Number of protein chains: 2
Amino acid sequence: MNAEAIKKSLQDGGLRCTPQRYAVMAFLMEHTSHPTAAEIFKAVNRSDPRCSRATTYNNLRDLVQAGLVREVAVEGRAARFDANDMPHHHFICDRCGKVEDLDWYDVPRPASGVLGKRVLRECEIIFRGLCARCAPRHASR
Amino acid sequence: MNAEAIKKSLQDGGLRCTPQRYAVMAFLMEHTSHPTAAEIFKAVNRSDPRCSRATTYNNLRDLVQAGLVREVAVEGRAARFDANDMPHHHFICDRCGKVEDLDWYDVPRPASGVLGKRVLRECEIIFRGLCARCAPRHASR
DNA sequence: TACAAATTTTAGACTAAGTCCAATATTATA
DNA sequence: TATAATATTGGACTTAGTCTAAAATTTGTA
């Protein structure tokens, strides 16, 4: 993982590069499984106990605001975070809550533009169903 | 609002028609503004104090499971509920968190089908931006 | 209508997820 | 290196939602 690239992207987002913020960002870039805030805190705090829970939440908020990280809300479950900077959509498993990235080009892209009197910033397609682990195998039986 | 129709849809969903459950369903059909569980509880409990908080949550869970109500997760905010049974997508305001329905035909519909090894149940497009109230008016100034 | 079985309701304690605070520390800039 | 702006901290707090087990209601059957 390129440390300089992380530093630069923090700066480009108008954020200072602190050890805690760097650690949160680096963790998200290395772990593309959409961890929850609690998971991120546990991992980052374990390898560097200087990072507190409040700081983890503060940094996630800042990274999302700066557009470097995406937050995915899942019904009845904790929010999940994602540093994948390529445009993409998500698949959420009904059973285990797992969030998977779908390549933008895997799915048709809805037209962007104005929606009535609303100012559109982004659109995301959320697919729901059962992931490969949760789907009943040999379902034909 | 057709009381018999509500009764029938509860039964079709395999749910008994209790006064509390009926009240939650009726409230959602009359209020299409995507209320939160707390708002639903307050309103239903005010007009009939027999309905407790736990019951409101239980019934929302049951109605969602039965497919009569949709739940919309919003980042950093309480879940919102929606009894609109027509296929549709949502617009979520970044600033105030308001959820608005978008007619299915207002937006292109992504192709359905299998996504890799995943079993697809539904897909929803979530549009984000600023609603008519929150968008800066006369923005050219 | 009366009974039994299944389902639903309840108050309130509890948990999980996340925010807030104000004192302290760190970072970037001049 | 001094300074101003920003970030970090532990821990109390809030908000959203779940759990429990006893009591009540609903529904099907006789």
Side-chain angles (χ1 to χ4, degrees), chain A residues 3-4 6-8 10-27 34-66 68-69 71-81 97 99, chain B residues 3 6-8 10-25 27 34-66 68-69 71-81 97 99:
Chain A
E4 282 311 312
I6 296 181
K7 269 194 182 177
K8 178 148 193 328
L10 291 178
Q11 279 165 358
D12 289 352
L15 298 172
R16 289 183 176 174
C17 182
T18 68
Q20 293 89 338
R21 186 170 287 155
Y22 179 93
V24 168
M25 188 65 193
F27 182 83
H34 306 81
T36 62
E39 288 163 355
I40 297 165
F41 165 59
K42 217 195 276 181
V44 167
N45 178 266
R46 187 156 25 150
S47 71
D48 179 357
R50 279 182 309 167
C51 188
S52 74
R53 201 154 59 94
T55 298
T56 305
Y57 278 96
N58 287 345
N59 280 326
L60 285 171
R61 192 231 303 114
D62 296 343
L63 291 169
V64 168
Q65 272 184 7
L68 300 176
V69 164
E71 181 175 352
V72 186
V74 186
E75 295 81 10
R77 294 183 150 99
R80 292 170 167 278
F81 296 87
V99 175
Chain B
I6 296 180
K7 270 193 181 176
K8 180 151 192 327
L10 290 178
Q11 281 167 355
D12 289 352
L15 298 172
R16 290 184 176 173
C17 183
T18 68
Q20 293 88 339
R21 188 170 285 153
Y22 178 93
V24 169
M25 188 65 193
F27 182 83
H34 306 82
T36 62
E39 287 162 356
I40 297 165
F41 166 58
K42 219 197 273 183
V44 167
N45 178 265
R46 187 154 25 148
S47 70
D48 179 357
R50 279 182 311 169
C51 188
S52 74
R53 200 154 59 97
T55 298
T56 304
Y57 277 96
N58 288 343
N59 280 325
L60 286 170
R61 192 227 308 111
D62 297 343
L63 292 169
V64 168
Q65 271 185 7
L68 301 175
V69 165
E71 182 176 350
V72 186
V74 186
E75 296 80 10
R77 295 183 148 101
R80 291 168 166 280
F81 296 88
V99 175

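When reading the values below, keep in mind they use all heavy atoms of this one structure, side chains included, and skip hydrogens, waters and symmetry mates. As the structure is a prediction and not an experimental result, all values here were calculated from the model. Proteins come first, then strands; the chains are lettered A, B, ... in the order of their sequence lines, and each starts at number 1.
Within the model, atoms SG of B:Cys51 and CG of B:Asn58 stand 9.5 Å from one another, a figure rounded to the nearest 0.5 Å. B:Glu39 contributes atom CD, which lies 5.5 Å from atom CZ of B:Arg80 (distance to the nearest 0.5 angstrom).
Spacing between atom CG of B:Leu60 and atom P of C:dT8 amounts to 14 Å, rounded to whole angstrom units. Summarising the geometry, the separation between CD on A:Gln20 and C1' on C:dT27 is reported as 11 Å, rounded to the nearest angstrom. Rounded to whole angstrom, the span from the CG atom of A:Leu15 across to the P atom of D:dA7 amounts to 7 Å. Taking atom OH of B:Tyr22 as the reference point, atom P of C:dT7 lies 24 Å away to the nearest angstrom. If you take CZ of A:Arg80 and C1' of C:dA17, they are 13 Å apart, rounded to a whole angstrom. For B:Gln11 and C:dT8, the CD to P distance is 12 Å, given to the nearest whole Å. For the pair B:Ile40 CD1 and D:dT15 P, the computed distance is 18 Å after rounding to whole Å. Rounded to whole Å, the distance from CG on B:Asn58 to P on D:dT25 is 17 Å.
Counting non-hydrogen atoms under 4.0 angstrom, B:Thr18 reaches the backbone sugars and phosphates but no base. Residue A:Asn59 is in sugar-phosphate contact alone, with no base atom involved, counting any heavy-atom pair closer than 4.0 Å across all strands shown. Within 4.0 Å (heavy atoms only), A:Ala38 reaches no atom of the nucleic acid at all. A:Arg21 comes within 4.0 angstrom of the backbone, heavy atoms only, and of no base.
In the set C:dA28, D:dA16, C:dA11, D:dA16 carries the atom at the smallest distance from any side-chain atom of B:Ala78.
Distance alone, capped at 3.5 Å, is enough to place a donor-acceptor pair between the A:Arg21 side chain and the A:Arg16 backbone.
B:Arg16 contributes no side-chain N or O that forms a donor-acceptor pair with the base of D:dT27 under 3.5 Å. In terms of polar N and O atoms assigned as donor or acceptor, the side chain of A:Arg53 never comes within less than 3.5 Å of the base of D:dG11 in a complementary pairing.
The shortest distance between the side-chain N/O atoms of B:Tyr57 and the OP1/OP2 oxygens of D:dG17 is below 4.0 Å.
Counting heavy atoms from C-beta outward, A:Phe27 and A:Pro35 have side chains that approach closer than 4.5 Å. Looking only at side-chain heavy atoms (C-beta outward), A:Asp62 and A:Val69 stay at 4.5 Å or farther from each other.
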